[in-house]
Every structure is written in C-alpha cells, then in structure tokens.
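Below is one structure, written out as structure tokens; the observations come after it.
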Amino acid sequence: MRFMMLMIPKGYETAKPGVMPSPEAVAAMMKYNESLQKAGVLLALDGLHPPSMGARVTFSGGKPKVIDGPFPEAKEVIGGYWMIDVKSKEEAIEWARRCPGGDNEMIEVRQVQEFADFPEDVQKEISADLGKK
Amino acid sequence: MGSDGVRKAIEAIWRIESARIVGALVRMVRDVGAAEDMAQEALVTAMERWPEAGIPDNPGAWLLATARNRAIDELRRRGLRERKQGAMADAEPAVFEEDLASRIDEDVGDDRLRLIFVACHPVLSKDARVALTLRLVGGLSTAEIARAFLAPEPTIAQRIVRAKRTLAEARVPFEVPTGPDRAERLASVLEVIYLVFNEGYTATEGDDWMRPELCGDALRLGRILAALVPDDPEVLGLVALMELHASRARARVGPRGEPILLLDQDRSRWDHLLIRRGLAALDRAEALGGSLGPYALQAAIGACHARARSADQTDWARIVALYDGLVELTGSPVVELNRAVAVSMAFGPAAGLELLEPLASEPSMQRYHLLPSVRGDLLMKLGRFEEARAELERAAFLASNAKERALLLARAKACRGP
C-alpha cells in the first residue's frame, strides 16, 4: 500500500520566499531518506517552496479565483512529502516516527486511494467508461 | 493504543528491523538458525511486554539489545563448553567479553547484504532460497509465505528449518562474496527475487491471475538490494524490469479478475511513478557501461512498451533487436518465442509464424501453453481460423492458471466466426 507522509512545518505558512532549512536539518533528513531507500520503501519525495511563492485557486460558485500566497487564513501548510510503499498503516506510522523532525514539525500519514478502495458501483462505472475507450 | 494496535505496531517494527537484527546476530553467532531463533525470542518478549509497558522510543534498538543479550549468553555458554574441552584454555574471559560487545557494532551496514547472500546460497534448493529470503530479509512470517505460495504452513516451516540446517552443515560463511564468486552468487540472489516477482505477476497456480502482495515483496527486496549494491548493472536491470512490469499491474486485470494482455491495456491506467522509477534505474544501468545483461535487456524491452503512448506506436524493430541480444545471451526457447511475437509485430504474422516452426520440436516447449497460444494468435491474424482454434484450445488445455485458461477458451470460441 502506498502512503504519503506529509511534512507540515509550523511557521511555513508565513515563511518568506526562498527560505531553506539549516544545513544540519538537511543532513539529518538526507540520512533519514537514505534509511527509507535502504529499506526499499521509498518511492518518491519532494520538498515544497513556501506558500508565499505559490498560489491558491478556489472555485466558489463554480468560478475559479486565483489568490497569490501567502494565505492569511492558512494555519497549516505542507512543506514536503514522501511517497512510501509499505505493508500496513502501522508500518507507515513507524517510518514517520523515525523522521528527525524539529519541534515545529508534524507529519500527517495518509493512505493513497486505490481502485479497489472505491465502492463497487463506482468501480463498475469507471470500468464501463474504460471499456468504451 | 489497544492490544491489537500494539500487536500490529510490533509487526510493522519487525518488518522494518528483522533483517538488521538477524544480520547482526548471525555476525555474532555465525549460525543463521540460532540467530533467527534469538531474534524471534526478542520479538516474543516484546509482544509480552510492550502492550503493558508501552512501545519504547527506539523499538529497533530495544529489540537488537534484547536479542544481542541472548546471543552473548549463548556465546558465553559455548565459550565455557569449549574452555572445558580445553580448546580455549588460554582465552582471558574479560577480553572475550569485550570482543563480543564490539562485534555487534562493527560494519552493521553490510549485515543485510550478507544475509541476502546467505539466504540465496546455491547450496539450498530454489524453493528453500525463496522461503528463507522472504523470511530473513523480507521479514515475512511463515504463515504469510505459506499464504503467498498457496502452500500449507507446516510445509513452509519445515522448508525453512531444513534450509537453516543445510546452511549450518555446509558451514556457509556469513560474508559478501568477492571475485568471480561474487557475480555467480549475485546471479542467484537476482534469480530468487525475480522468481518471487514472477510468481506474483503471473501466478502459476490457483484462481487469481496475479498476487500483487508477492510482487510488492519482490520489489521491496530488489530495491533493498539496489540500495546496497548501487553499481551493478544487472541489479539495476532487475529492479528496472520489475518496476516497469509492476507499472502495468492495474491495467492487466479486468473487472472480473480476467487477464488483459499488454496490447489491449488502457495505458492511462499504467502507473507513471513506477514507469519513471523503472526508466531511471535502466538509465543508471546503461550509464555503468558495458553490454547489457539479461535483466537489463528485458528492462529495455519493457521500456519500449512504457515509452509508447499507444500500442501501435511501439518501436517493434528495436524490441526485435533487443530480443536478438537476449536470445544470444540466454539461448532460451521462451525468449525465442517472445522474439517471434516481436518479429510478427514488426514484420507481419507470417514472419513470426515461421520462427515458431523450429520451437515446436523443442522438448521444453512441449507442454508450454504460450507456444500454441502465440501460434493460435498468429494463425488468427492470417485468417486461418480452423487451425487457430485448435491451437488456442490446446493452449487452454495446457494452461494451469484458471483465469488464463478462460481467456484462451474465449479466444478459441471467437475463432468459430459469426
């Protein structure tokens, strides 16, 4: 099963454009990433620039509206993610526990949806649609 | 956390840590069987204590320390026995103990690799290598392995016990082989991993066409190996091959569990993360230089499919060229059969059919269902429906996978025409 480990660093919602973690934090994180790789569970990972460099698109009333970052209302934002392939939610949590996170950091563990997770009627709908192609 | 939650958490920790723990213990006691027993005892202790006391902050270190203490006890007992027999008459006990403590810390990074090489040692039968590798390196329980191979649990348990005994009797050293030995032993490791993958990818027995869990186990083993041996083109080739094949898993099973063949698959359902990983691993293998080995060549063929946006954009001429190399390396009739399919795609069904003629007399192909299956397919394309039907029926008769058999029978029926 695939899980996303979403890194949520407190304070990143107001971080200035181009802000980077300290070399020590990067070194510790690289060591952790290597342990994920050596365990054969790491599929992909990326760090994200702060929201002050991003934008949000909302769809209120069916109309897209673009808001440039930073976003005053945002309390938590994602700073990066790992995609891992493990046997259970417990294993994903155990890997998250091992991350050398700082005081301000939090990891949210979320399972990636698979075709088989959808209810049977939705699956049939998608299959029928695929059959037409 | 409820007791069920703790149990699941411990299982997860075990899956992550077992190879490192067993590896460290084998390095101490030089006996895979004894090491695994001690590691299992540590696991049982954790199962007893952690639901009450809570899971320690560093559960891996706790398990390792507990197992290590058992190993030290065992070595002391052995030392005592040997001293009594006079073998170690002048060994100072203090020096002896210090030596034990240092032994656990040195060179930990290679323990997992050594363990892989021991578990895949050629002194063991293929079945034993597979079971032992999944158990020692994959961290699977005996029950999980039994389920994966549709075998009774006692059979697998016995297989593992015997394998451990064989290793002890043969005095297989706990080391990563060097020199010419290394390539040969690495080939055995790759073979075991690919066997596990293939058993999951196209189940030889049973009602399911695929067993994705087993593919996942093989991929994990392959990725571990590639992280430990980053500079071997065949290791990278095998990983690339498995990533590329696994990328199609979702698209190769229909809604009723029936197989969907490569050219009929909806390519939008292929897993592009795995394709990217597969292509990257293949790039690294090619960048190492030299001519490609069998796994990297097969990965290169897989890459041709992965790069084609639709089936009719496939570079069949390149695939034929890659199969030429593979035939030369392996001389395998199965590879010749696949090459014939590629030739038929590149140069027409008649050209492919011609290549099948010599294969019909191959003894190893007599009961191989894919030969009549391919023949039937090519005859159908040539409009020779009666002959095609007979071939497809024969293929269905030989197929051992139920889902595959059903597919072949359906195609045979379609040959009867309107």
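Residues L43(A) and R277(B) share a closest heavy-atom pair of O-NH1, 2.8 Å. Among all heavy-atom pairs drawn from A39(A) and R112(B), the shortest one is CA-NH1, 3.9 Å.
Neither the backbone nor the side chain of Q265(B) comes within contact range of chain A, judged by heavy atoms closer than 4.5 Å. Only the side chain of L140(B) comes within less than 4.5 Å of a heavy atom of chain A; its backbone N, CA, C and O stay farther away. If you measure heavy-atom distances from D217(B) to chain A, the contacts under 4.5 Å come from the side chain alone. Heavy atoms closer than 4.5 Å to chain A are found in both the backbone and the side chain of R220(B). Looking at I93(A), neither its backbone nor its side chain comes within 4.5 Å of chain B, counting heavy atoms on both sides. Only the side chain of M83(A) comes within contact range of chain B, with at least one heavy atom under 4.5 Å from a heavy atom of that chain.
In this structure, the side chains of E94(A) and I16(B) come closer than 4.5 Å at one or more pairs of heavy atoms. You'll find the side chain of R223(B) stays beyond 4.5 Å of the side chain of L42(A), heavy atoms only.
Among G254(B), G222(B), A19(B), P59(B), the residue making the largest number of heavy-atom pairs under 4.5 Å with chain A is P59(B). Here A12(B) is the residue among A226(B), G216(B), A12(B) with the most heavy-atom pairs under 4.5 Å with chain A.
In summary, R98(A) and E17(B) engage in a salt bridge, as defined by a charged side-chain N under 4.0 Å from a carboxylate O. Ion pairing of R250(B) with E114(A) is absent here, as no side-chain N (NZ or NE/NH1/NH2) approaches a carboxylate O to less than 4.0 Å. Remark: R2(A) engages D271(B) in a salt bridge, criterion side-chain N to carboxylate O under 4.0 Å.
Within a 6.0 Å radius of CD in Q113(A), other residues, nucleotides and ligands contribute 12 heavy atoms or fewer. The environment of CE in M30(A) is sparse: at most 12 heavy-atom neighbours from other residues, nucleotides or ligands sit within 6.0 Å. Counting heavy-atom neighbours within 6.0 Å of D57(B) CG, excluding the residue itself, gives a total of 12 or less. For K89(A), the NZ atom counts as loosely surrounded, since its 6.0 Å shell holds 12 or fewer non-hydrogen atoms of other residues, nucleotides or ligands.
Under a 3.5 Å cut-off, the side chain of R15(B) and the backbone N or O of K87(A) do not form any donor-acceptor pair.
The CD atom of E90(A) sits 8.0 Å away from the CD atom of E11(B) when rounded to the nearest 0.5 Å.
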